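Since this is a predicted model, take the numbers as computed values, not measurements. All heavy atoms count here, side chains included; hydrogens, waters and symmetry mates do not.
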Amino acid sequence: MHEPGQWVSRVSPTPLLMIFGLNDTITLTDTGLAAYEQALQPKKLVTITGGHFHPYLDQFEKSTKSVGSARLRA
């Protein structure tokens, strides 16, 4: 099983941007948020309306703007 929460604290000092669909039933939002809490800085969280694939579909503009505006620095 894929366990991102197990490794997320090791990502730092690489900047981390996490985008979550609040109605995701594939990657459960609470599991993702728990992983985000374990991550060290620099990090940014963006939430969108919709499910797992909405960042690529009807929320694509918001998702891509999030990437461009993150400007996270190590």
Side-chain angles (χ1 to χ4, degrees):
M1 186 171 160
H2 184 63
E3 297 280 343
Q6 180 179 355
W7 308 105
V8 72
S9 65
R10 297 181 183 187
V11 172
S12 181
T14 301
L16 176 65
L17 171 64
M18 297 179 85
I19 302 174
F20 291 112
L22 295 175
N23 303 108
D24 194 334
T25 58
I26 296 173
T27 303
L28 300 178
T29 304
D30 60 341
T31 303
L33 292 174
Y36 179 79
E37 290 300 319
Q38 292 177 18
L40 304 176
Q41 294 291 343
K43 64 183 180 178
K44 181 177 179 179
L45 174 66
V46 175
T47 58
I48 62 162
T49 304
H52 191 79
F53 298 103
H54 284 101
Y56 313 106
L57 302 172
D58 62 325
Q59 296 288 322
F60 186 74
E61 185 175 340
K62 182 176 182 180
S63 299
T64 56
K65 284 184 179 180
S66 300
V67 172
S69 68
R71 295 191 181 123
L72 299 170
R73 304 243 191 284

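- Of all non-hydrogen atoms in Leu16 and Ala39, the two that sit nearest each other are CD2-CB, 3.6 Å.
- If you take CG on Leu45 and CG on Leu33, they are separated by 6.0 Å, rounding to the nearest 0.5 Å.
- The CD atom of Gln38 lies 12.5 Å from the CH2 atom of Trp7; values are rounded to the nearest 0.5 Å.
- Scanning both residues, Pro42 and Pro13, for their nearest heavy atoms gives CD-O, 3.7 Å.
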Got a list of side-chain donor-acceptor pairs under 3.5 Å for residues 18-30, not counting sequence neighbours?
residue, atom, partner, partner atom, Å
Asp24, OD1, Ile26, N, 2.7
Asp24, OD1, Thr27, N, 3.0
Asp24, OD1, His52, ND1, 3.4
Asp24, OD2, His52, ND1, 2.8
Thr29, OG1, Gly21, O, 3.0

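- When all heavy atoms are compared, the tightest approach of Lys43 to Glu37 is NZ-O, 3.7 Å.
- The minimum heavy-atom distance between Leu40 and Ser12, with the atom names listed, is CB-CB, 3.6 Å.
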